[in-house]
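Since the model is a prediction, treat every value here as computed from it, not as a measurement. Quick note: numbers below take in every heavy atom, side chains included, and nothing from hydrogens, waters or symmetry partners.
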Amino acid sequence: MRKAFVIVRRELKEIFRDINLATGVLLPPFILAGIFGFILLDPLRGAKSMHGVENIPWGALGLPPAATPEQMLVTMIIRVVAFPMFWIIPLAVTSIIAADSFAGEKERRTLEPLCVAPLSDRELFMGKTLTSVILGLACSWAAFGIFTVFARIGTTHAFGHPTFPDVTWLVSMFVFVPLLLFLGVSFAVLVSSRVSSYRSAQQITAMLVIPIVALMIGQTTGLMIMTSKALFVAAAVVAVIDLALYRLATGLFRREQILTRW
Amino acid sequence: MRPNSAPDNHPDSGLNHNPVIAAYNLSKTFGQTAALRDVSFEVHAGEIFGLLGPNGAGKTTTVRLLACLYEPTGGSGKVLGLDITDEDSTERIRERIGMLTESPGLYDRLNALEYLDFFGDLYGMPAAARRASAERLLKMLGIWDRRTDRLAKYSKGMKQKIAVARTLIHDPQVIFLDEPTSGLDPESAKVVRDYVLELKAEKQRTFVLCTHNLAEAERLCDRIALVNQGRIVALGTADELRARLAGGRERLCKLHVRERAAELAEVVRGLAAGHGDISGVEQAGDVITYSTADAEKMNPLIVETVVKAGGHIVALNEAEQSLENVYLELMHDSREAD
Ligand SMILES: Nc1ncnc2c1ncn2[C@@H]1O[C@H](COP(=O)(O)OP(=O)(O)O)[C@@H](O)[C@H]1O
Ligand SMILES: [Mg+2]
């Protein structure tokens, strides 16, 4: 697998040299973490009452029946609003970079020399997929770190002690997100192999975000609340999809396929 | 045409029963398209073997099969004694070959040194060796001064040179060159060609060169396979290919006279009328041209007749059969055979 990392190193070098890609893709997670942090600290100035949130099953989110408006607001931001954003953003980072990396190679015809080099199909596939997963995870975890600081301050103020990160968040960040990013990469490989320009690859790959946006809407209307149990089920579903996509993607990622079908 | 560096004057001649590259009835079909049909040839150590043919002939397919990028639909092949259809040997083959791909395929955001270093690393070379090899190649190709410029800024010719350097970074024993000079200006093309000859002479590397450029094949290749529509239609040295076509076919002769050319041309025409073997008598200035399939017999007859008619012959030349004619005729024949 050493050669996979040789490829990863080259890709990272290239990504950080493309100002648009580096700032446009890697920066948003941090901005987002900051924005949610500030939103979170805002209710500390004193929330009097909460309206229009009757649909939200507070009990499932671990709130006592007699929760204060401030506790409700902090919980809602952490568990309902910010929660899915920490999926969308890393998924976007990973799939945009993956689409750029695959379709970009195709567009610039750089895959043939790579195919001539002495690496196994698996090393080639891992080398090409690892970069975007690594970057997606790095962004996601760094943003999570920033958000944690704000969330601990907010929850301490509301509950008297920090209740963040809870199990659901940990499962989300360390089980669900990696599986989701893997799905993003495999999907990007499949899409890139079918379209010729990396712009269209990015656009199609970006559609992956749609189900998550649907979930987000479901959450805010109280239809779907992500408890840790629900999250495990979701993770299992994603894992199954991962496996299927991985099969398809590695099947496509054989030299002859790359050179003839791509 | 340079002399054919035949296997028998090669230092490794004892090994020549083992060709460095061999294709045995290689075939490749893409869906309905038969890209390659029963192609067989052997290439010996230190040889430059040319695959010459028009676009779509199957040249790229052939070298991709030999570089283990495609799996053959039929037949087999060997590179450096390793079977190209054996999964276990493909990586070992790739370690020891270099391939200049049809398009340079460079990473634009890297500079020349970084680019070569990346490939050297993939070939498992230690850092110092990568650096030394990159320096030697870039200097040789005359682009050492530009080594830290992003490849995006390079001209087409320089990009091709970087691709050449990439192909050779790990000092491969077998080198495939797929249209190495297409799209290059004459000067860059010459640099690349000269370098190929130099490598061959100094290091005894073995080459397969794909080209649609006749002059290039003639200048570089020891032996040439003419490829058309997935088949080898002729194989040999440039001289052999010429001879093969010349035998039994029309040859163009030029008779140079001192004066009265028009009058003497009439004499030759009269001779032609009596002999089916002379045809196409033309006269332009002091030169009378004609074609004959039997120059050995007809030329003395013509000379004798012209001298008898009082003509002064300055020279009689047989126009050499050009490789281009061979090429065009063979291409034509193979198309008709289909
Ligand atoms: N991936 C492919 N799918 C279908 N047909 C192909 C493919 N690659 C090559 N061919 C066909 O095979 C023939 C030989 O192609 P190629 O080897 O690229 O020729 P050359 O390199 O001599 O120009 C052509 O007719 C081409 O259209
Ligand atoms: Mg070709």
Side-chain angles (χ1 to χ4, degrees), chain A residues 1-23 25 97 100-128 130-131 196 198 251-262, chain B residues 28 30-31 33 35 60-61 63-73 87-111 114-125 130 150-152 159 162-163 166-167 169-170 172 175-176 178:
Chain A
M1 275 297 119
R2 189 192 73 84
K3 286 172 183 172
F5 285 98
V6 173
I7 295 179
V8 169
R9 228 179 307 137
R10 192 216 75 231
E11 299 227 305
L12 289 177
K13 203 182 265 176
E14 281 199 284
I15 288 166
F16 285 105
R17 279 187 187 171
D18 183 342
I19 298 296
N20 291 332
L21 195 62
T23 57
V25 174
I97 289 177
D100 176 75
S101 144
F102 284 99
E105 292 241 24
K106 183 182 179 183
E107 203 170 306
R108 287 166 231 140
R109 293 168 169 267
T110 45
L111 276 171
E112 197 183 348
L114 208 52
C115 287
V116 175
L119 5 76
S120 62
D121 289 346
R122 228 167 71 89
E123 280 176 312
L124 199 58
F125 182 78
M126 292 307 276
K128 290 297 299 170
L130 271 180
T131 315
S196 58
Y198 72 92
L252 269 181
F253 214 73
R254 306 189 58 227
R255 284 173 159 80
E256 180 155 347
Q257 299 285 328
I258 292 171
L259 294 173
T260 57
R261 297 272 188 86
W262 278 53
Chain B
K28 181 68 186 173
F30 296 106
T33 322
T60 299
T61 304
V63 293
R64 283 182 174 178
L65 282 168
L66 292 171
C68 310
L69 298 178
Y70 291 163
E71 272 172 42
T73 339
E87 287 268 335
D88 296 330
S89 54
T90 55
E91 212 163 313
R92 277 192 292 158
I93 292 175
R94 282 198 207 102
E95 275 168 10
R96 297 158 74 185
I97 63 171
M99 178 148 143
L100 183 66
T101 49
E102 252 176 325
S103 57
L106 309 183
Y107 296 107
D108 284 348
R109 290 173 220 156
L110 299 183
N111 68 37
E114 290 166 336
Y115 182 75
L116 296 178
D117 189 73
F118 167 65
F119 275 95
D121 208 354
L122 285 182
Y123 282 97
M125 298 165 71
R130 303 201 289 268
R150 295 260 174 105
L151 297 179
K159 282 185 173 163
I162 292 290
R166 173 200 71 221
T167 306
I169 186 78
H170 56 299
I175 299 153
F176 297 105
D178 197 351

Contact winner vs chain A - [options], heavy-atom pairs under 4.5 Å:
options: Arg94(B), Glu114(B), Glu91(B), His170(B); value: Arg94(B)
options: Arg150(B), Arg96(B), Met99(B); value: Arg150(B)
options: Leu106(B), Asp121(B), Thr167(B); value: Asp121(B)
options: Glu102(B), Lys28(B), Arg92(B); value: Lys28(B)

Count the heavy-atom pairs under 4.5 Å between each of Arg9(A), Lys3(A), Glu123(A), Arg10(A) and chain B, then report the option with the highest count. Arg10(A)

Top contributor to chain B interface from Gly104(A), Cys115(A), Pro118(A), Gly127(A) [non-hydrogen pairs under 4.5 Å]: Pro118(A)

Rounding to 0.5 Å, atoms CD1 (Ile258(A)) and CG (Asp121(A)) come to a distance of 7.0 Å

Rounded to the nearest 0.5 Å, what's the gap from OG1 on Thr23(A) to CG on Asp18(A)? Could you check? 8.0 Å

Only one of Glu105(A), Arg108(A), Arg17(A) forms a side chain to side chain donor-acceptor pair (under 3.5 Å) with Tyr107(B), so which one is it? Glu105(A)

What part of Leu69(B) gets within 4.5 angstrom of chain A, counting heavy atoms only: side chain, backbone, both, or neither? both

Applying ring pair (Phe, Tyr, Trp, His ring centres under 6.0 Å) to Phe119(B) and not counting sequence neighbours gives Tyr115(B)

Can you tell me if Gln257(A) uses its side chain to pair, donor with acceptor, with the backbone of Gly251(A) under 3.5 Å? no

Which bit of Lys13(A) comes within less than 4.5 Å of chain B, counting heavy atoms only: side chain, backbone, both or neither? side chain

Return the set of residues passing side-chain hydrogen bond (donor to acceptor under 3.5 Å, both in side chains) with Arg64(B) (not counting sequence neighbours), or none when no residue passes. Glu112(A), Tyr70(B)

